[in-house]
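Let me begin by presenting the structure, written as structure tokens, before commenting on it.
First the proteins, then the strands, lettered A, B, ... as listed; each starts at 1.
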Amino acid sequence: MRHLKFWKKKKQFDIIKLYKVVDINQAKTFQCKEVFRACTEFFKDCTDEYPNHYSLNYSNKSWKTLQGFEKKLRKHDNIDLVWLYASYSPEWDSFYENHFSIGNAMMNSREPPYTSYIDIIITIEKGKLSSNKLYQFLESLTGGFKFDYGYVVSLREGFSANNERKDKVGLFGLESTVEEIDLRWSNNVCGVKEGYIRNIYNLNFLNASHLEQAIIKELMIDDVGTTSKLDGNITIWELTDEELKRAKSKLDASPYVIANNKNPNLFLSTEDAKRFKQAMTID
Amino acid sequence: MAVWDRWMISSPWRIGAFRFHSSTLWADTALRPSRGRGTSTSALYSTDFDIGSLAKDVFFSGLTSGAVAGIESASNGWNFWHNKPLLLPSIEITAEGIPAIGQEFALPGTGEVTQVPVGILKKGGSAWADVSKFQNEVSYSMMVGQHAFVNHPVTQMVVDLTTTVIPIGGALKIVGRATGKTFLKASSKILGTAQMTGTRGHAFLSKAVAHRYALDPRVSRVTMDLGYRKLLGSAAPKALRYGPRPDVGVLFKSGKFKVFEIASKSDKLANLASKNEKFIRDWGFRGVGSQKVISGARYINKLWPK
């Protein structure tokens, strides 16, 4: 019942989210095991601990050691790995802990959609993640996993790392919802290759199409945030809280924000939205 | 004539979790001793049932002693309001003086002859041991002659819970049938069986949650330890290779759904939440859903390990 100990200071987490848009061939050749190893080392680097809980493909079965889990992974090909989850928490009753997950949703379907995405979500307690470590990790990743879009969001304990909203916490449980806005994002992720973004955050990893997009270009010209190159494809766009507010006010009126809370119809009314959804969903 | 035909028992009876009004036997509600001369608007009852002598005796003795006290109290009221004594003979009603139902009897002192139209149902030959005592506040009313009304609580009543007792009986039957039907209907919504784990309370909580939602009229289907395809039917994408099997899944008629994970001792709470969220989001089910992780079984198991 750690979540109910209101006198305890709430932890803050940095959540790194990376997305890669893939077709069936890219999904099949995704080196999931290698990426998993890289994530595990990064996790250890940040938290000084290897995960003590591993889970695979949504099953109820779990492993407590890296050795045991790797033994299990060796029995699987990369195409059989659709979701990997690893976490470390010394507390037995915590809903919020350092963890990471890797998802390759396309490989979960025998009748896959035309386009899908691979996502990596890493949640690390604030203070344990430094920019240097992060960039080193991202550079090491781009060798085998060239992601198309990503961002880092800071959330307090009590917020879901997945949907970035506050969970409903009760005496013996926690409830979180998947709402239309979440589905809107997952059904249109492929838009990130055409200049669309989920939303604007303090730290954004943008691809070339984003830099060509009029509003982001304009913001960058106005010196909103600082940019630096991660590699040939990805540009890091870092914004202070003040700059974030300014950027948000502009982007809220833009159809290029997929998870736009204020004006969801701006994106949904575009022809692109229909095209993306058609490409990413199956009937 | 009509001396005993205007009784009323109207009291909320409380048995177990059910609470209902036993107005089926008598429906006369116009009996107010404070109104003195008030008239009875109706005197309804039905007695097409049998009565066990033991229960009858206890029932009547309670009623009688209450009646005597009530009549005395009503007489005092009468005297007060009308400033003249109530013209009533002395009333001596004892348990022995109460005849069987339908039998004619003369009210002592008045000579009026009437029939006893009350009774309680007692099915089968249950023994005294089967009879449970309840400290119910049973208020009943009685009219004597054309003038006096009493309304007096009987503090102890004996009812037979193993059989059906009127006025409880009729209502119990109705409630029982209705509840039985409701439970039967609710159970038919549930697919699958609760997952058994090494955590005490896991299966119990799964069943409790499943039945709680099965009773909800807004719910069309409840699954236990089954996948999303079984829960959502055609709304779920076909041909998925892997997927979570939530402990309880609830599909509402509106198309929304809710899944519950009852955390067992080896589960990581964050993992349970994550995998369902991720799965629902990835596969864009037509109805938006929510997921809930319940950690209650872990605490039960912590206090009382299996």
Side-chain angles (χ1 to χ4, degrees), chain A residues 1 3 52-60 62 64 80 82-83 85-87 89 92-97 99 101 103 105 107-113 116-117 119 121 123 160-163 167-168 170-180 182-187 277 280-283, chain B residues 195 197 201-202 205 209 225 227-228 234-247 256-302:
Chain A
M1 269 184 254
H3 55 288
N52 62 358
H53 178 94
Y54 300 88
S55 161
L56 177 69
N57 293 351
Y58 307 109
S59 81
N60 288 335
S62 62
K64 285 183 177 171
D80 293 327
V82 302
W83 190 67
Y85 179 93
S87 69
S89 172
W92 69 283
D93 61 346
S94 175
F95 281 109
Y96 306 96
E97 58 195 17
H99 70 269
S101 66
M107 286 296 95
N108 196 14
S109 178
R110 291 190 192 89
E111 295 167 14
S116 186
Y117 64 93
D119 63 339
I121 300 175
T123 303
S160 164
N162 288 305
N163 60 31
D167 290 329
K168 282 184 208 162
L171 190 59
F172 293 119
L174 168 142
E175 184 175 355
S176 58
T177 53
V178 175
E179 291 178 4
E180 192 277 327
D182 306 309
L183 300 182
R184 200 192 315 153
W185 168 239
S186 61
N187 290 339
K277 194 173 178 184
M280 293 198 74
T281 51
I282 43 172
D283 284 326
Chain B
Q195 188 196 13
T197 67
H202 186 276
L205 279 178
V209 171
D225 196 27
Y228 279 74
S234 58
K238 282 184 280 186
L240 291 184
R241 295 169 73 201
Y242 307 101
R245 284 162 57 135
D247 289 312
K256 284 191 176 181
F257 64 94
K258 208 169 188 176
V259 295
F260 291 85
E261 290 282 4
I262 314 291
S264 60
K265 60 188 174 190
S266 60
D267 283 330
K268 280 274 181 184
L269 303 176
N271 180 17
L272 291 177
S274 254
K275 71 177 175 188
N276 283 293
E277 261 184 50
K278 163 84 178 151
F279 190 75
I280 297 169
R281 208 182 55 230
D282 275 356
W283 293 103
F285 297 112
R286 276 169 226 158
V288 289
S290 65
Q291 62 89 27
K292 188 166 186 173
V293 178
I294 297 174
S295 52
R298 290 158 68 100
Y299 297 109
I300 296 171
N301 196 73
K302 196 95 175 161

*Which of the residues B:Ser266, B:Ala263, B:Ala239, B:Pro244 is involved in the greatest number of heavy-atom pairs with chain A at under 4.5 angstrom?*
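Answer, by heavy-atom pair count under 4.5 Å with chain A: B:Ala239.
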*Go through B:Leu240, B:Leu272, B:Asn271 and name the one with the most non-hydrogen pairs under 4.5 angstrom from chain A.*
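It is B:Asn271.
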*Got a second to check how far B:Leu269's CG is from A:Glu97's CD, nearest 0.5 Å?*
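It comes to 7.5 Å.
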*From B:Tyr242 OH over to A:Met107 CE, what is the distance, rounded to the nearest 0.5 angstrom?*
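Result: 11.0 Å between the selected atoms.
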*Please flag which part of A:Asp80 lies under 4.5 Å from any non-hydrogen atom of chain B: side chain, backbone, both or neither.*
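For A:Asp80, the contact with chain B is made by backbone and side chain together.
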*asked:* Heavy-atom cut-off 4.5 Å, strictly under: side chain, backbone, both or neither for A:Thr123 against chain B?
replied: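 Neither; nothing under 4.5 Å.
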*Test side-chain hydrogen bond (donor to acceptor under 3.5 Å, both in side chains) on B:Lys275 and A:Asn162 and set out the steps.*
CA-CA 10 Å; B:Lys275 71 177 175 188; A:Asn162 288 305; over 6 Å; no
Side chains of [X] and [Y]: closer than 4.5 Å at any heavy-atom pair?
X        : Y        : result
A:Asn60  : B:Gln195 : yes
B:Glu277 : A:Ser176 : yes
A:Asp119 : B:Lys278 : yes
B:Ser274 : A:His99  : yes

_Interface moiety of B:Lys258 toward chain A, non-hydrogen atoms closer than 4.5 Å_ =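 Looking at B:Lys258, just its side chain touches chain A.
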*Could you have a look at A:Ala86, A:Ser160, A:Pro113 and say which one has the most heavy-atom pairs with chain B under 4.5 angstrom?*
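Top count of heavy-atom pairs under 4.5 Å with chain B: A:Ser160.
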What heavy-atom pair brings [X] and [Y] nearest, and what distance separates the two atoms?
X        : Y        : value
B:Trp283 : A:Asn108 : NE1-ND2, 3.7 Å
B:Lys268 : A:Ser87  : CD-OG, 4.0 Å
A:Tyr58  : B:Gly243 : CB-C, 3.7 Å

_Can you confirm whether A:Lys277 is buried at NZ, in the sense that more than 12 heavy atoms of other residues, nucleotides or ligands lie under 6.0 Å from that atom?_
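No, the 6.0 Å shell around NZ holds no more than 12 heavy atoms from other groups.
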*Does B:Asp282 offer a backbone N or O that forms a donor-acceptor pair with the side chain of A:Ser186 under 3.5 Å?*
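Between the backbone of B:Asp282 and the side chain of A:Ser186 there is no qualifying donor-acceptor contact (under 3.5 Å).
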*asked:* For the backbone of A:Val178 and the side chain of B:Arg281, can you confirm whether one donor and one acceptor N or O come within less than 3.5 Å of each other?
replied: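 Side chain of B:Arg281 to backbone of A:Val178: no pair is present.
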